[in-house]
Amino acid sequence: MESSRIKDILNADSYGRQVLVSGWVRTRRDAKDFSFLEINDGSCLRNVQVIADASLSGYELNVLGAHTGSAVQVHGTILQSQGKGQAVELRASAVKLIGECDASSYPLQKKRHTNEFLRTIAHLRPRTNTFGAVFRIRSAAAFAIHKFFNERGFVCLHSPIITTSDCEGAGEMFRVTTLDLEQPPRLEGDYGGKIDYSRDFFGAEASLTVSGQLEAETFASALSNVYTFGPTFRAENSNTPRHLAEFWMVEPEMAFCDLQGNMNLAEDFLRFVIRYVLDHCAADLEFFDQWIEKGVVQALEKVAQAQFAQMTYSEAISAMEQSSRKFEFPVHWGADIQTEHERFLSEEYVGGPVFVTNYPKEIKAFYMRLDEGEKTVSAMDLLVPRLGEIIGGSQREEREAVLRRRIQECGLAEQPYWWYLDLRRYGSVPHAGFGLGFERMVMYLTGMSNIRDVIPFPRTPGNADF
Ligand code: ATP
Ligand code: MN
């Protein structure tokens with residue numbers, strides 16, 4: 001007999017059905033003639049309550065031996081529950097202990113554990129209510145993202161993870177090498193001791209990608225609308241609740257598209273994913289609303305319907321200068337917008353998601369399209385309450401001469417970008433795209449406050465355990 005998933009049997013339609021349930025014991029209580037087992041299989045937040053009579057064959061071994069954390073398989077009949085708090089219960093005809101669990105050393109006890117503690121047992125934390133719910137929602141959101149782009153005819157692009165080009169020109173990349181770090185080959189005649197990367201595996205300095213954008217641009221210049229959804233890496237030493245060294249990014253890139261078209265897509269995209277998760281993960285969201293972040297469901301409902309606000313960087317700076325708010329990082333035209341500013345703008349000034357556009361060129365990347373007046377670029381960041389930046393994007397510089405100039409002004413070498421410049425020489429079109437940090441999206445959906453708790457195994461400075 002095939003196992004039923006618990007989510008499929010916890011309803012009145014199942015009354016009278018014979019089923020096999022396979023899962024892990026959350027708790028067991030023993031009465032005089034029978035035991036209650038709460039079984040969870042990860043298919044949903046809820047457990048199924050099993051009633052196992054003491055008269056079952058092998059009761060001592062299979063039921064009384066099934067401590068919290070054990071794996072069991074239960075054959076039985078679904079009945080309308082007599083008890084409070086659940087609609088159905090499973091009256092066992094046979095219980096089989098599949099995997100024992102040593103009660104004295106099992107780290108997940110009935111009490112509530114802190115997320116900090118659970119990070120130290122990241123291999124077991126998916127068995128908790130919180131993490132089960134996080135990763136079901138993460139999965140649903142990932143599916144919704146592919147669905148959104150697929151329905152709109154975007155081609156899914158697997159951009160490379162190892163790269164010899166640096167998207168931002170800003171460093172902070174993880175080196176990929178097979179050179180002997182104790183004795184790397186040196187450039188001949190160079191007593192300064194420069195390392196000879198031509199003798200490295202790829203014949204050049206290679207790194208883990210910080211973004212698939214440049215590659216996506218090449219494919220958008222042929223397939224029109226593409227997106228990447230893959231791992232990205234940043235060696236920035238920022239120990240914040242919103243930064244990981246390895247995270248997943250969604251990057252659409254559209255040909256024949258400008259900044260406004262880019263924002264329209266970002267808005268539709270975000271609303272679509274939120275709507276999908278609201279519709280498909282209601283019970284898990286309810287859990288977050290109750291235990292993690294009060295009001296998260298209502299906030300998502302609101303965003304799923306709202307028009308997102310838009311303001312230029314200059315307007316954002318004025319708004320902050322005119323507010324009575326004291327910021328830790330001073331506000332003036334030309335300054336980078338910090339998390340505290342982002343939160344002020346979305347939480348207090350707008351009270352919802354807001355696109356900030358047209359940033360000073362000095363604080364943005366070389367590939368962003370230069371605006372008229374040449375002070376700002378056609379960039380946009382989407383700021384949301386609680387998190388700040390969730391999306392960063394721009395219209396790309398499609399004019400070859402301007403791009404060449406910007407590469408120079410940013411102090412970058414032109415040579416590595418020869419193919420990127422080629423796109424501007426052969427059938428160049430206005431194009432635009434953005435990057436969404438997938439973990440930030442999951443934080444936004446769940447109300448979880450630390451990015452380490454929405455990725456299976458977080459990689460942060462000083463930690464790549466598991
Ligand atoms: P921030 O200012 O928050 O560090 P950024 O400006 O460096 O972000 P981009 O380079 O524009 O971010 O990357 C696009 C998106 O990727 C961001 O909007 C954010 O959602 C996400 N992101 C960036 N860096 C990280 C990181 N270290 N960990 C997780 N997500 C990230
Ligand atoms: Mn960053």
Side-chain angles (χ1 to χ4, degrees), residues 138 141 145 159 163 166-174 208-214 216 227-253 259 262-263 265-267 269-270 273 308 313 316 329 335-343 345-346 353-357 359-368 377-396 410 432-445 448-464:
R138 185 178 164 114
I145 286 166
S159 52
T163 174
D166 174 351
C167 178
E168 310 280 327
E172 297 182 336
M173 299 177 85
F174 288 101
L208 296 178
T209 186
V210 294
S211 162
Q213 179 200 317
L214 304 193
Y227 72 103
T228 72
F229 186 176
T232 39
F233 306 85
R234 306 252 169 122
E236 51 195 10
N237 196 4
S238 48
N239 245 312
T240 82
R242 316 175 320 126
H243 288 91
L244 291 164
E246 175 182 291
F247 63 102
W248 287 66
M249 188 139 69
V250 181
E251 296 180 278
E253 190 69 34
L259 190 66
N262 199 14
M263 288 190 281
L265 185 91
E267 190 172 332
F269 166 75
L270 214 69
V273 176
F308 296 2
Y313 168 90
F329 292 90
D336 219 339
I337 295 193
Q338 305 287 338
T339 305
E340 57 166 343
H341 307 137
E342 294 171 349
R343 293 192 55 174
L345 291 168
S346 60
V354 54
F355 286 108
V356 177
T357 65
Y359 287 72
K361 64 175 187 227
E362 287 78 15
I363 59 173
K364 288 290 182 187
F366 74 91
Y367 52 72
M368 298 186 177
V377 289
S378 287
M380 60 96 162
D381 281 2
L382 179 63
L383 315 180
V384 296
R386 262 193 357 251
L387 291 184
E389 178 182 338
I390 191 167
I391 281 177
S394 64
Q395 185 173 338
R396 321 304 188 187
C410 292
F434 64 80
L436 165 94
F438 184 50
E439 285 73 22
R440 299 233 178 128
M441 181 77 207
V442 181
M443 290 173 79
Y444 190 60
L445 291 166
M448 294 293 283
S449 56
N450 195 310
I451 199 165
R452 292 165 180 77
D453 299 329
V454 298
I455 188 163
F457 298 104
R459 272 78 179 98
T460 50
N463 177 49

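Numbering starts at 1 and runs along the sequence shown. Computed from a predicted structure; not experimentally measured. Remember, it's 1-based here, ligands and their atoms both numbered in the order they're listed. Values reported hereafter were calculated over all heavy atoms of this structure, with side chains retained and with hydrogens, waters and symmetry mates removed.
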Exercise. For the pair Phe438 and Phe229, name the ring-plane relationship: parallel under 30°, tilted 30 to 60°, perpendicular over 60°.
Key: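 Phe438 and Phe229: perpendicular rings.
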Going by the order shown, which atoms of ligand 1 are within less than 4.0 Å of some heavy atom of [X]?
| X | answer |
| --- | --- |
| Glu236 | 27 (N) |
| Arg242 | 3 (O), 28 (N), 29 (C) |
| Ile390 | 18 (O), 20 (O) |
| Ile391 | 18 (O) |
| Ile451 | 29 (C) |
| Gly392 | 18 (O) |

Practice problem: Measure Asp381 to ligand 1 on non-hydrogen atoms and call it side chain, backbone, both or neither using the 4.0 Å cut-off. | Solution: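 No part of Asp381 is near ligand 1 at this cut-off.
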Quiz item: Backbone, side chain, both or neither: what part of Thr339 comes under 4.0 angstrom of ligand 1, heavy atoms only?
Solution: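 The answer is neither; Thr339 stays 4.0 Å or more away.
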Exercise. List for me each residue that meets side chain to side chain donor-acceptor pair (under 3.5 Å) alongside Ser394, sequence neighbours excluded, and say none if there are none.
Key: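 If we apply the side chain to side chain donor-acceptor pair (under 3.5 Å) test to Ser394, skipping adjacent residues, the hits are Arg396.
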Self-check item: Partners passing side chain to side chain donor-acceptor pair (under 3.5 Å) against Thr240 (at least two apart in sequence or in another chain)
Solution: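 Listed in chain order: His243.
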Just by modelled atom types, is the [Y] backbone N or O under 3.5 Å from a matching donor or acceptor in the [X] side chain?
| X | Y | result |
| --- | --- | --- |
| Glu251 | Ala216 | no |
| His341 | Phe329 | yes |
| Arg234 | Glu172 | no |

[X] N/O to ligand 1 N/O under 3.5 Å:
| X | answer |
| --- | --- |
| Leu436 | no |
| Glu342 | no |
| Gly437 | yes |

Self-check item: Selection from Glu172, His243, Gln213 by shortest heavy-atom distance to atom 4 (O) of ligand 1
Solution: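 The nearest heavy atom belongs to His243.
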Practice problem: Could you grab the distance from atom CD of Glu253 to atom CD of Gln213, nearest 0.5 Å is fine? | Solution: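 That separation rounds to 5.5 Å.
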Quiz item: Looking at CG of Leu214 and OH of Tyr367, how far apart are the two atoms once the value is rounded to the nearest 0.5 Å?
Solution: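 Result: 7.5 Å between the selected atoms.
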Quiz item: Are any of the heavy atoms in Met441 under 4.0 Å away from ligand 1?
Solution: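 Not so, Met441 does not reach ligand 1.
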Practice problem: Check whether any heavy atom of Glu389 sits under 4.0 Å from an atom of ligand 1. | Solution: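 Checking ligand 1 against Glu389, which is what was asked, there is a heavy-atom contact under 4.0 Å.
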Self-check item: Minimum side-chain heavy-atom gap Leu265-Pro252 below 4.5 Å
Solution: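 Of all side-chain heavy-atom pairs linking Pro252 with Leu265, at least one is under 4.5 Å.
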